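Notes follow once the structure below has been shown.
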Amino acid sequence: MKMKQMNNEIKRRLPLQCPACDAPLRVGRMFCEQCDTEVCGTFELPVLAKLTDKEQQFVIDFIKSSGSLKDMAKSMGVSYPTVRNILDDLIDKLNKIE
Amino acid sequence: MNRQYFYGLINPFERIAGLEALLWGLAGMVVSTALSYYSGWHYHRLLHFGPAPNPAWWCYAVEHLVVWLIPAALFYLGGLLLSRSRIRMVDVLGTVVFAQLPLIVMNLLNLLPPMQKLAQIDVNMPPATLLQQPGFVVGVWLSLVALVFLIWTLVWMFQALKVSCNLKGYRLGILYCVGIFGGDVLCRYLIKGLCYSM
């Protein structure tokens, strides 16, 4: 019972790489939770979905703060250049992914 | 918590930069200049300190300004060339002057009597005679303690460059060496020209 509860609490992350050969994974199947309709095919993952959880949260916070690095720095409790560096590194990563 | 605190001692610029760092750094520079004036220890270069013949207060102020502005200017110009980020001058100036705060402790140590005596000792005498000079050994030990704070400043200057210019790898290493060692040589000529040629 306790084990089952623990399993429910585990946050499952979207795997981005093949565990066997490390190649990037694509979407093959999707289904509707409401009516069980399944869609099969090969779909590319959206670029933002290829970022880590932390990076995705940064993008969300950035949009929520209307793109203000100063507000971001204040809410994250870090200095302005630190936030700018995180953003610039993220831009570099997105350019590489694209 | 402790780990975060320790990281803050190694790299404070993740939390403080820009105008805030500049104001703290300038306040520290005023204290440091006053301590240098009372102890009589001059900044000969960025990495060289000791007694010098010009006792005027403005000479100490010029030395402190040169030791701050020269490496900051080199970091900024290098950052404009090597960094892909849009760097701000206030971040470079602020972090570099903040990085020199540990030098206050070094200047405080220079006020102590053994350091004052060490400054008056003629280092050209034979080693055996040198060791018998009163306060020499204590002075050497205090110099070693002061060296720790100089190294701390150098670590913070590295972090200042890394954070304010967003550099990594070999670009960071090259620009740091140019800023510190090139800055050391430039500071020497500029301090000599401004304080001892007029």
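Below, chain A is the first sequence line, B the second, and so on; all start at residue 1. Worth saying up front: this structure is predicted, and the values here are computed from it rather than measured.
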Taking atom NZ of K162(B) as the centre, does the number of heavy atoms from other residues, nucleotides or ligands within less than 6.0 Å exceed 12?
no
For the student: nearest non-hydrogen atoms of P81(A) and S164(B), plus distance
CB-CA, 4.4 Å
Whether N85(A) side chain and V163(B) backbone form a donor-acceptor pair below 3.5 Å
yes
Mark yes when over 12 heavy atoms from residues, nucleotides or ligands other than R26(A) sit less than 6.0 Å from its CZ; otherwise mark no.
yes
Side chain, backbone, both or neither: which part of R88(B) has an atom under 4.5 Å from a heavy atom of chain A?
both
Just wondering, more than 12 heavy atoms not from K70(A) lying within 6.0 Å of its NZ?
no
Check the surroundings of atom CZ in F43(A): do more than 12 heavy atoms from other residues, nucleotides or ligands lie under 6.0 Å from it?
yes
Y37(B) atom OH, over 12 foreign heavy atoms within 6.0 Å:
no
If the test is side-chain contact (heavy atoms from CB on, under 4.5 Å), which one of T82(A), I86(A), D89(A) qualifies with N166(B)?
D89(A)
Which heavy atom of R84(A) sits nearest to which heavy atom of D91(B), and what is that distance?
NH1-OD2, 4.1 Å
Can you tell me which portion of S85(B) sits under 4.5 Å from chain A's heavy atoms? Options are side chain, backbone, both or neither.
both
